[in-house]
Amino acid sequence: MVCSAAPLLLLATTLPLLGSPVAQASQPGQSQAGGESGSGQLLDQENGAGESALVSVYVHLDFSDKTWPHEVSRTLTLPATSAFSSPRPLLTGLRLTTECNVSHEENFYCACLSGYQWNTSICLHYPPCQSPHNHQPCGCLVFSHPEPGYCQLLPPGSPVTCLPAVPGTLSLNSQLQMPGDTLSLTLLLSQEATDLSWFLRHPGSPSPILLQPGTQVSVTSSHGQAALSVSNMSHHWAGEYMSCFEAQGFKWSLHEVVRVPLKATDVAQLPDQLSISCATSPGFQLSCCIPSTNLAHTATWSPGEGSKASSFNESGSQCFVLAVQRCPMTDTMYTCDLQSPGLAPLRIPISITIIQDGDITCPEDTSVLTWNVTKAGHMAQAPCPESKRGIVRRFCAADGVWGPVHSSCTDARLLALFIRAKLLQAGQGSPAEEVPQILAQLPGQAAEASSPSDLLTLLSTMKYLAKVVAKARIQLDHSALKNLLIATDKVLDVDTRSLWTLAQAQKPWAGSTLLLAVETLACSLCPQDHPFTFSLPNVLLQSQLFGPTFPANYSISFPTRPPLQAQIPGHSLAPLVHNGTEISITSLVLRKLDHLLPSNYGQGLGDSLYATPGLVFVISIMAGDQAFSQGEVIMDFGNTDGSPHCVFWDHSLFQGMGGWSKEGCQAQAASASPTARCLCQHLTAFSVLMSPHTVPEEPALALLTQVGLGASILALLVCLGVYRLVWRVVVRNKVSYFRHAALLNMVLCLLAADTCFLGAPFLPPGPQSPLCLAATFLCHFLYLATFFWMLAQALVLAHQLLFVFHQLPKHRVLPMMVLLGYLCPLVLASVTLGLYLPQGQYLREGECWLDGKGGALFTFVGPVLAIVGVNGLVLAMAMLKLLRPSLSEGPPAEKRQALLGVIKALLILTPIFGLTWVLGLATLLEEVSTVPHYIFTILNTFQGVFILLFGCLMDKKVQEALRKRFCRAQAPNSTISLSTNEGYILEHSKGGSDTAR
């Protein structure tokens, strides 16, 4: 049959060969004309002064009295002076080809007139007319839908009764496709064919639907063969498949019917479970509804005793109902068995729970919907309001209290648009025709959205339309774009509390879906509709078209509060102009959308609390049908409070949910006023994040950091030199050995860490830099190792104080100290790298150090503060132990001297390091002035100096050893080890110390 709209009457016209044929036809009185043109076959090469051809122009003529006027029944020759704009007449004659009559049963009886004939594929597909006068084979055919076929011109020289053989065969892998299967149709051609198209006619639908490549449809073609493949079959793909093509001067149509059984998820049962009290409700009603398909279904209910079964049809579905008139005494499982000839039955279970005496129940509630008495622990269900599809659920908790109402009710018209858009992306339909039609209905649907399901379905519909437009590269006219913007404005104006919050609870990325759909569709305006400006309370759009010549700089401004201005320098646009390509620049402002996007922050932003300006700015460039995302853009967001972060919405972050990213964007200081000015090296959706809690960026802090690190490195080198000179003297007993071994490792770790940290600013920052990642990991590991060696020193002290006469063997203690000092920080640093790097929260933006906003820095600060706390407990225990000595527990004098050295060092270093990182936490968590930042920087960067003074030079053995080496003064041995208990108690009871003196 015909692949396009067919008429009741086909007129053949003779036109000169002057391009595409154009025809208009009308009849006076009650007749109407309309249709579309098609191609015919060349009859003669000469007609008057020029060539002419016989082509088919399909004109639909209706006559109320079912009689043809005499003027139409004969060949009509038009004069050469016809009122056409062409210098030669375009239309020279009309001739009837097909005559159709409509019966009382709404069937069409169509017959070919002289010189015309049905093609073979139509003859084989439609039944002939049952008429005793119809002796000609395939002379009259019966059509049962309102698109009857039409006769075609016979090949030159062919007898009227001679029909050419069908030049192809259509085969498929199976006429019965199970859900999820892949359908394969193959067309084998014996003649050269043109204008090959594939169509699908749904059951009960008068018009076939064009099939094109999509997410489920693939079409291939080669010499003498064509194939259609449809993946993931469902009832939406059941029906009559047609392959239409032209060959031998005829239009051919081959058909195959495909059946697809339903699956359980296609059946809507209400309810799917029910708890009921037979005392209050002696009867109840169950139903299961199925979508209309090309399969006939019947339903059998079990058990069916004491029940009455019925069925009814509503728009697009068939429902089977069981009215149970006698309530069962015990819990019962009802089943709805859906049967179709030749298929296994589809069994749908419905569980019925009977409420017994003593059961905990939720009471009847008729506040909004009617909720019957329901057993605790069960889900109550209620039907959606009229014109809605879905179900309303409410859970009865174990204590007999009703839970919140959860509704999946969706407007039936909106759901139909959603399915239509989804099938359009899959490959059903013509995108150029259907996308504007769907967009035209979105504003009304957006205004009527009354549930989270409505809102999510609307957003999904827009998402599918955007994908279709992007793939098919469709250009929208201004009316279609207006409909999109109006719908977007209404969606952004939806009550945030009632709909958006509930919708985001189900799909947190709903706002990101809206942004992606709108920015994709907004840049698809056709060139002839430029320039285009549109303004609504929540949506402002400006689109301009530039030819080969364009201004030096492109500037745009929007009347927002504060005003938004943007500029694209000319050097960014220059590379896009080549071979006379036209460039369209679309700028779009979406108010309120920034508050609807998920609070996802990419690398360098962490998860702090940010304020936004109340809008998202989208700018895009199209050169021809190609979108360009690279280009420099300068934006001024107006006056802002706090520290601005220029960001764009990256749809690829957080597993496709989207998030704010600073990559390629930086804030610039505006000379005239304190405004948020951003410079980005790409084009997408932009905004600005305002962070009220920021670390002050002062050059003095950076200088102080460098000076402090330099002084620490120098002090640590001096400490190593001192140990080189006095090592053998100061490690004569095991306690001294353990103490100075720990201190030496602290010096080595801190020296390497400070050197790495001092050189890190000279490395390229960012997670893409292996050197930056390595420097951050080493700094983290080495700084942690410094503190873990301090912990090892404290633990040795604690052991000697608690177990005075227990000897510590070097071969056991030293390996344990090495494991504690190096293995523990290595594990912590490795876990931090593996945990936070994939999330983009490992590196601080623009620096080679741990991110303080994403949690990575706390894996350093936390262990440090814990170690400081443990050291504090050890010191407290040491003070109590040494201030109250026992005669039996007193250690030897030399050992006591070593323990006192450990205590003195820890007594000073522990408070200093503890205060350092308490201040570090304060600067991270609170909004503070610059004073704590300066104190923290001094204490943190001068750690090497503190270790040299209080850990090394304060030790009396070190002092005596240095004095002996440089002054050549031979002091008595008793002076080196002299430090009696009474002297120490007297010294500390007076509050003095060697450091204080």
Side-chain angles (χ1 to χ4, degrees), residues 465-478 480-482 484-485 488 515-535 539-558 560 564-590 593 615-637 646-652 658 661-666 668 677-688:
L465 292 180
K467 290 182 176 180
V468 170
V469 168
K471 182 177 181 180
R473 296 181 179 178
I474 299 172
Q475 293 181 336
L476 305 176
D477 59 16
H478 69 280
L481 189 56
K482 280 184 179 179
L484 167 72
L485 299 178
T488 303
L515 175 59
L516 181 60
V518 175
E519 65 178 313
T520 302
L521 294 170
C523 61
S524 304
L525 185 65
C526 54
Q528 55 267 28
D529 283 340
H530 286 83
F532 180 72
T533 302
F534 195 74
S535 178
V539 179
L540 297 91
L541 181 137
Q542 296 185 35
S543 186
Q544 292 180 273
L545 186 68
F546 299 95
T549 60
F550 52 88
N553 296 311
Y554 171 79
S555 299
I556 192 72
S557 62
F558 289 94
T560 56
L564 170 64
Q565 299 177 353
Q567 179 182 1
I568 301 179
H571 63 80
S572 294
L573 297 174
L576 302 179
V577 181
H578 54 85
N579 300 329
T581 303
E582 292 181 329
I583 296 177
S584 64
I585 303 178
T586 302
S587 304
L588 175 67
V589 173
L590 299 171
L593 182 57
L615 59 85
V616 173
F617 174 59
V618 181
I619 188 166
S620 59
I621 295 180
M622 297 290 294
D625 57 356
Q626 296 289 334
F628 288 87
S629 59
Q630 300 299 320
E632 182 179 309
V633 58
I634 303 171
M635 296 161 288
D636 192 336
F637 287 91
C646 297
V647 293
F648 74 99
W649 189 258
D650 189 345
H651 293 280
S652 63
S661 173
K662 294 182 66 175
E663 186 175 355
C665 293
Q666 60 181 356
Q668 290 186 330
R677 190 173 187 183
C678 299
L679 172 64
C680 295
Q681 300 298 327
H682 49 76
L683 305 176
T684 181
F686 302 100
S687 191
V688 60

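Side chains are part of it too, since the values below use all heavy atoms of this structure and drop only hydrogens, waters and symmetry mates.
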Pairwise side-chain contact, L615 with L564, heavy-atom cut-off 4.5 Å (strictly under): yes

Distance from I556 atom CD1 to S587 atom OG, nearest 0.5 Å? 5.0 Å

Rounded to the nearest 0.5 Å, what separation is found between the SG atom of C523 and the CD1 atom of I585? 12.5 Å

Going by side-chain hydrogen bond (donor to acceptor under 3.5 Å, both in side chains), name the residues that satisfy it together with S584, two or more places apart in sequence or in a different chain. none

Which word best sums up how the rings of F532 and H478 line up, parallel for under 30°, tilted for 30 to 60°, or perpendicular for over 60°? tilted

Stepwise side-chain contact (heavy atoms from CB on, under 4.5 Å) check, L590 with V539: CA-CA 5 Å; L590 299 171; V539 179; 4.0 Å; yes

What is the distance from atom CD1 of I568 to atom CD1 of I619, rounded to the nearest 0.5 Å? 3.5 Å

Once you round to the nearest 0.5 Å, how far does NE2 of H651 lie from OG of S661? 12.0 Å

Show the nearest heavy-atom pair for residues C646 and C665, with the distance to one decimal. O-CB, 3.5 Å

Sub-4.5 Å side-chain heavy-atom contact between M622 and T586: no

Only one of L484, L516, L485 forms a side-chain contact (heavy atoms from CB on, under 4.5 Å) with L521, so which one is it? L484

Does a side-chain heavy-atom distance below 4.5 Å link L593 with V518? no

Taking only residues two or more places apart in sequence or in another chain, which ones pass ring-ring contact (aromatic ring centres under 6.0 Å, His included) with F648? H682

Can you name the closest pair of heavy atoms from V618 and E519 and give their distance? CG1-CB, 3.7 Å

What pairs with S652 under side-chain hydrogen bond (donor to acceptor under 3.5 Å, both in side chains), at least two apart in sequence or on another chain? D650

Kindly say whether Q565 contributes a backbone atom to a donor-acceptor pair with the side chain of D636 at under 3.5 angstrom? no

For a quick test of reading the model, state the closest non-hydrogen atom pair linking F628 to A623 and the distance between them. CE1-CB, 3.2 Å

Between D529 and D477, which heavy-atom pair has the shortest distance, and what is it? OD2-CA, 3.2 Å

Shortest non-hydrogen pair, V469 vs S524, comes out as CG1-OG, 3.3 Å

Do you know which two heavy atoms are closest between A466 and T520, and how far apart they sit? O-CG2, 3.6 Å

Could you tell me whether the side chain of E632 reaches within less than 4.5 Å of the side chain of I634, counting heavy atoms only? yes

Just verifying a value: how many Å separate C678 SG and M635 CE, rounded to the nearest 0.5 Å? 5.5 Å

